[in-house]
Amino acid sequence: MRVKYSIANLMLVTFISLPTWGQTDLRDSLYQKLSSADTDTTRIRLLLSASKSYGINDVEKADSLATVALKKSIDVDYKLGMAGSNLLKGRFYTFKSEYDKGLDHYQRALELYRSIADREGEAKSLNGMGEVYESVGQYVRAMSHYLDGVKILEEIGDKRSVFNSYNNLGELYRIEDDFEKSMYYFQKAFSTSQSINYEMGMIRVLNNIGLVYGELGAYDSAIYTFYEVLRKTTEREEKFGMAIASNNLGKDYRNLAQYDSALKYSNKAYSIQLEINDRYGQALSQTNLAETYLLLGAAKEALPYADRAYIQAKQIGNKRLISRSTKLLYRVNESLGKYQEAFTFLKEHKMYEDSLFDNRKTRDITNLELSYGLEKKEQQIAILENESRIADLRKNILIGAIAVIIAFGLLLFYQLNQRNKRNKLLLEKEKELDRVKSRFFANISHELRTPLTLILGPIEELKQKLEDKPSHMYLNMMKKNASRLLNQVNQLLDLSKLDSGQLRLQVKEADIVAFINGVTMSFESLAISRGIKLTFDSDQKSIISYFDEDSIEKVIINLLSNAFKNTQESDTISVEISILPGKKDLEIKVTDTGAGISDDHQGLIFEAYYHTENKMQKSTGIGLALVKELVESHHGKIEVNSAIGQGSSFIITLPTGKDHWRDPEVFVKETTQEKVQAVEETEPLPVDTEHMSTDKPNILVIEDNKDVRMFIKESLKQELHIIEASNGKEGVAKAEAALPNLVVTDIMMSEMDGYEVVKHLKQNEKTSHIPIIMLTAKADSESKLKGLEVEADDFISKPFERKELLSRILNLVKSREKLKERFSNSVMLKPADITISSVDQLFVQKLLALVEENIANSSFGVEELGREMGMSRSQIHRKLQAIIGQTPSKFIRNMRLNRAMDLLKNNAGTVAEIAYMTGFTSPNYFSKCFSDQFGHSPGEVPKEL
C-alpha cells in the first residue's frame, strides 16, 4: 500500500521550530525584556516571540503564550497582535491535528490582516489554510489557497514564504500523481531556497524528491535520498525532520522486502515522535511497524502496534489513518484466527472507505469548479515572475553601465602602467596556453582510454592461452607499457578535471599514517632491487584526518616515483609524518639524497609540461603539477627544498580537521559507502545509485565484459542514459526494476546467457514491451534464428560501429514511441491492436477483462487494478505508459466511456442510468467526460435500430 504523507506538520517546522541550541538563553532574554516592557504592544510582541521560540518542542507552552497574547491584544484593540496570535494558534492546532480549530484561527487571522492591509500576514494565513485543507484531503482547495498566497508573496518579494508555497504545491501534485508538475514546483522551491541560502528548505525539498522516487518505484534512489535527509537533519538536530526521514526509510525498506532495516527505521521514527509528541507521526510509524511484522508472518507481534495505531488515529480523527488501521486490524485478526474481531474491523473499514469515497466524489466535483481558477492563478504568477525578470534585467543593465564606466577608468589607470600591463598580458597568455594544453590532452585522453583498456584485456587472455616463455615476455612488456600509458592518460584527465573544477573529491575519516605507510611500503621491492634505502617514520602512531584516499595516494606515488627517478644505488629516500607544534596541521615530508634541483628551476617544477634540458634533472611532465593541484584541493600547500648534488625534500602541509571542508558534497563517499556515521552505525547504503533519466532514453546494457560496457557507455552517453549490468541474472533484475526504454544484451554470458535473458524479459508481463538488441560475435543465420525464436528485436555483429549501434537503438525507441502515440488518445482498444508481443496482447486482454468485470463498480480504480494484476501502482503505471501511452486511470475511464457509448446506441437506459451502470457516481461528471472524449453530449448519440 502506498502511503501519502501530510506536509502540514513538516511546514510547521519552518515557522515554529527553532534549533534547540541557544533556546534557553533566548527565552531568558525575552522574559527579561517582557518584565521591563513599558507598553502593552511591546509586551504582546514579546509574548508572540516567546511562543515562537518554544514551537513544537513544547506546543502546549507555546499555545498558552499565544493565548495570553491574544487576550491582551483584544483588551487593547491591537489588531496586529490579534492577527499574529490567531496565526500562531492556527499552526499549533494544525500540528496537534485539531484541524477545525486550526482553520478557524487561520480564517480570523486572514480577516484581521486584510483589515489592516498587511499583505505578508494575509499570504501566511492563506498558506496556513492551505495546510489544513491539505491535511484533511481537500487538495484542490489547498492548491487554490497556496496559489493565492504565492501570488501575494511574489509581489512583496518574500522569498522564504514563496519557497514554502512552491514546496507545498509540489507536494500536493505528488499526492495527485502529477509527477511532472510536482517536480516543476520542487525545482522552483529548490532554486528559491538556494537563492536565499536556506539550507533547511533545501533539505525539505530533498525529502520530497525522495518521496517522488518512491512513488515511481525507484526505491534505491529514494533510500539514498532519505539517508542524505537524515544525515543533514541529524547534524542540525531537527528531530521532526529526523523522524520523517526515518519513517520514509522504513517504508521503502519494506517495499524492498528488507524487513530488518524496515523495523529498525520505523522504530527509530516512533521513538523520536514520542519525544516531540507528534501524534500523527506516532500513528503512522506504528502502522508501518504492524504492516512489516504482518509481511514477516508475525501477526502476533503486529497486533499491539496495529491496536495503538488505531487508537491514535481515532484520537486525532484522521479518516485516512483510521481506514488504514482498521484494514490492518482486519488482516491481523484474520491471520490470528480471530474471525469475529476481523469481521468487526472489516465493517468499520468499509464505513470509512465509503466516507473517503464520498470525499473523493466531492473533491472531483470541486476539481471541475476550481480547475479554471487554478489555471488562471498559475498564469498570474507566471506574469509576476516575468515582471520580476524584467526588473532584474533593468537592474543588470544599470549595473552593466556602471561596470563599463569602472572598466573605462581602470583602462585609463592601466595606460599609465604599460610595462606592467604587458607583463600581465604575457602571463595570461601563458596561462591560457596551459589551459589549451589541458583541454587538448583531455580530449586526446578520452579518445585513448577505450582502446587502451581494450588492449589490456586481450593481453591477459593471450597470456592464459600461450605457453611459450618468449611470447609471455613480449606480452608482459606490452602490458607494462600499455598500463604506463593508461596511467599517464588518467593523470592527464585528472589534471584537466582539476583545471575545470570537475574533479569531485570523496573525503572520509581515516588514519592517514597507516594509509601513507601502506603506499610507501608498496615501493619496498623496487627499493631493494635498486639498492636504495627506503624508510618511513611518524611522530604519532595514528593520526585521524579527513582526506580523499585516491588523491593522497596519487600525491605520494608521484613524489616517490620522482624520487626514484633522481636517485642512484646507495641513496636514501624517506617519508616522514608529524604534527606541527601548536597547530592542528599535518606535515608530510618526502626526502631523497639524489641529484637535486637547481635554484633556477625550483619555482617552475610544479608548472604543467615544464621541461628542463639539465641531464641531472628529468622533465616533470604533469606529475608534480597534478600533485600541487591535489594538495591545494585539500586546502594544503606544497614546497620544495633542494640543492644540486644534495637531494630534494618535498614538504606538504595539510589541515587535519573537518571544518575546512565547506562543501558537504565531498563527504558523499563516506556517508553512502563507508560509515553513514552521523545517521547510521551498522547499515551500509545501497550500492546501486543509478537514477533514471527524464530527458534521454534509458538503455540497459547487459555485458559481462567490463571493457565493452565502458566502451558502449562512453560512446553513447551524450545521446542516451546508460544503465549497466555485468551478467544476465543482474540484467533481468535491473530491467524489472527500472523498465528501461531498450535493452542491449550480449549472447555469451555467465549466470544467464543472452537467449535466456530475452526469453525471460519477453515472457514477463512487466518487461515484455521492452525492445531488445542482441550483440553477437557470430554473424551466422543459426544464431539469428535462435534469437528470433525468443523474440529479439534486432541483432548487431561484433565488432560494431558506434553510429550503427546508436542508429538502431534510436530507431527502435522511436518505433515504440509511435505505437504509444497511436494508442494514447484511443478510446477503442483491442488486444489484437498491440503489435509489440503476444505477452503484451495477453496483458491488455487481461486488463480489458478485469475492467469489463468491474465496469459498474465505482470504487474500482488504479489500486484495485494493480492488485488484481499482481503489480504495484507505479509498475502498472509505467507498463501502460510504455505500451499504449495511457495512464491506468485514463485506461479505465476510456473503457467506461466506450461501454457507455455502446449502451447509449442500444437505448439501454437513460443517461443517468447508464452513467451508474458504467461506474460513474455523478451523471453531470459523466456527461462532461463523455463530451470531452467524443465531442458531443450523451443525449446526442444516435440510437441503433
Side-chain angles (χ1 to χ4, degrees), residues 441 445 448 452 456 476-477 479-496 498 503 512 515-537 547-577 588-598 601-602 604-612 614-634 636 638-642 644 646-652 654:
F441 282 111
S445 299
L448 292 176
L452 277 173
L456 288 167
N476 287 332
M477 185 186 301
K479 181 180 178 183
K480 177 181 178 181
N481 285 282
S483 298
R484 286 178 60 189
L485 185 55
L486 183 59
N487 183 54
Q488 291 296 316
V489 166
N490 288 332
Q491 287 199 13
L492 284 169
L493 275 175
D494 287 342
L495 189 60
S496 65
L498 279 166
L503 185 65
I512 197 167
F515 179 77
I516 294 178
N517 185 27
V519 176
T520 303
M521 289 303 103
S522 67
F523 284 81
E524 190 173 21
S525 59
L526 175 62
I528 293 171
S529 67
R530 293 268 306 274
I532 295 171
K533 183 180 179 182
L534 176 65
T535 64
F536 175 85
D537 184 51
F547 61 96
D548 174 57
E549 290 186 346
D550 183 61
S551 297
I552 298 302
E553 182 180 33
K554 287 175 181 174
V555 167
I556 303 302
I557 286 174
N558 267 292
L559 291 178
L560 286 173
S561 297
N562 193 60
F564 275 97
K565 285 179 186 177
N566 293 286
T567 52
Q568 305 295 327
E569 187 176 350
S570 76
D571 281 336
T572 299
I573 298 173
S574 64
V575 179
E576 301 170 73
I577 302 177
I588 305 167
K589 187 183 294 185
V590 179
T591 305
D592 67 73
T593 59
I597 305 168
S598 66
H601 296 100
Q602 286 181 28
L604 302 172
I605 60 173
F606 294 112
E607 297 292 332
Y609 320 111
Y610 167 70
H611 188 279
T612 176
N614 189 332
K615 292 182 180 179
M616 294 292 290
Q617 299 164 229
K618 300 181 181 179
S619 60
T620 64
I622 60 167
L624 290 178
L626 179 61
V627 165
K628 183 174 183 292
E629 294 288 343
L630 290 173
V631 169
E632 290 178 351
S633 73
H634 279 65
I638 183 170
E639 55 187 20
V640 60
N641 293 325
S642 183
I644 294 293
Q646 297 181 23
S648 305
S649 182
F650 288 85
I651 304 163
I652 298 169
L654 296 175

**Message:** side chain to side chain contact (heavy atoms under 4.5 Å, CB included) for Ile652 and His634? Distances and angles first, verdict last.
**Reply:** CA-CA 11 Å; Ile652 298 169; His634 279 65; over 6 Å; no
**Request:** Take Ile556 and Ile588 through the test side chain to side chain contact (heavy atoms under 4.5 Å, CB included) and record every step on the way to the result.
**Result:** CA-CA 9 Å; Ile556 303 302; Ile588 305 167; 4.1 Å; yes
**Request:** Before giving the answer on side chain to side chain contact (heavy atoms under 4.5 Å, CB included), spell out for Phe564 and Asp592 the whole-Å C-alpha distance, their side-chain angles and the decisive distance to 0.1 Å.
**Result:** CA-CA 8 Å; Phe564 275 97; Asp592 67 73; over 6 Å; no
**Request:** Could you please spell out the steps behind the side chain to side chain contact (heavy atoms under 4.5 Å, CB included) verdict for Leu624 and Ile638?
**Result:** CA-CA 10 Å; Leu624 290 178; Ile638 183 170; 5.9 Å; no
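Judged purely by atom type and a 3.5 angstrom limit, Ser633 uses its side chain to pair as donor or acceptor with the backbone of Leu630. Between the side chain of Asn562 and the backbone N or O of Asn558 there is no donor-acceptor pair closer than 3.5 Å.
Considering all non-hydrogen atoms of both residues, Gly596 and Ile644 come closest at O-CD1, 3.9 Å. Here the closest non-hydrogen pair linking Thr535 and Ser574 is OG1-CB, 3.2 Å. Nearest heavy atoms, Thr572 versus Thr593: N-OG1, 2.8 Å. Here the closest non-hydrogen pair linking Ser648 and Ser642 is OG-OG, 2.8 Å.
Distance check, rounded to the nearest 0.5 Å: CG of Asn566 to CG of Asp571 gives 10.0 Å. In this structure, CD1 on Ile552 lies 11.5 Å from CD1 on Ile557, to the nearest 0.5 angstrom. The CD atom of Glu549 lies 9.5 Å from the CD1 atom of Ile512; values are rounded to the nearest 0.5 Å. Rounded to the nearest 0.5 angstrom, Glu576 CD and Ile651 CD1 are separated by 9.5 Å. To the nearest 0.5 Å, atom CD1 of residue Ile577 and atom CD1 of residue Ile516 are 4.0 Å apart.
Here Phe547 pairs with Phe515 under the ring pair (Phe, Tyr, Trp, His ring centres under 6.0 Å) rule; sequence neighbours left out. Shown here are the salt bridge (charged side-chain N to carboxylate O under 4.0 Å, His left out) partners of Lys628, two or more places apart in sequence or in another chain: Glu632. Judged as a side-chain hydrogen bond (donor to acceptor under 3.5 Å, both in side chains), and not counting sequence neighbours, the contacts of Ser649 are Thr591.
Looking at Ile532 and Leu534, their side chains never come closer than 4.5 Å, going by heavy atoms from C-beta outward. The side-chain heavy atoms of Leu559 and Val627, taken from C-beta on, include a pair separated by under 4.5 Å.
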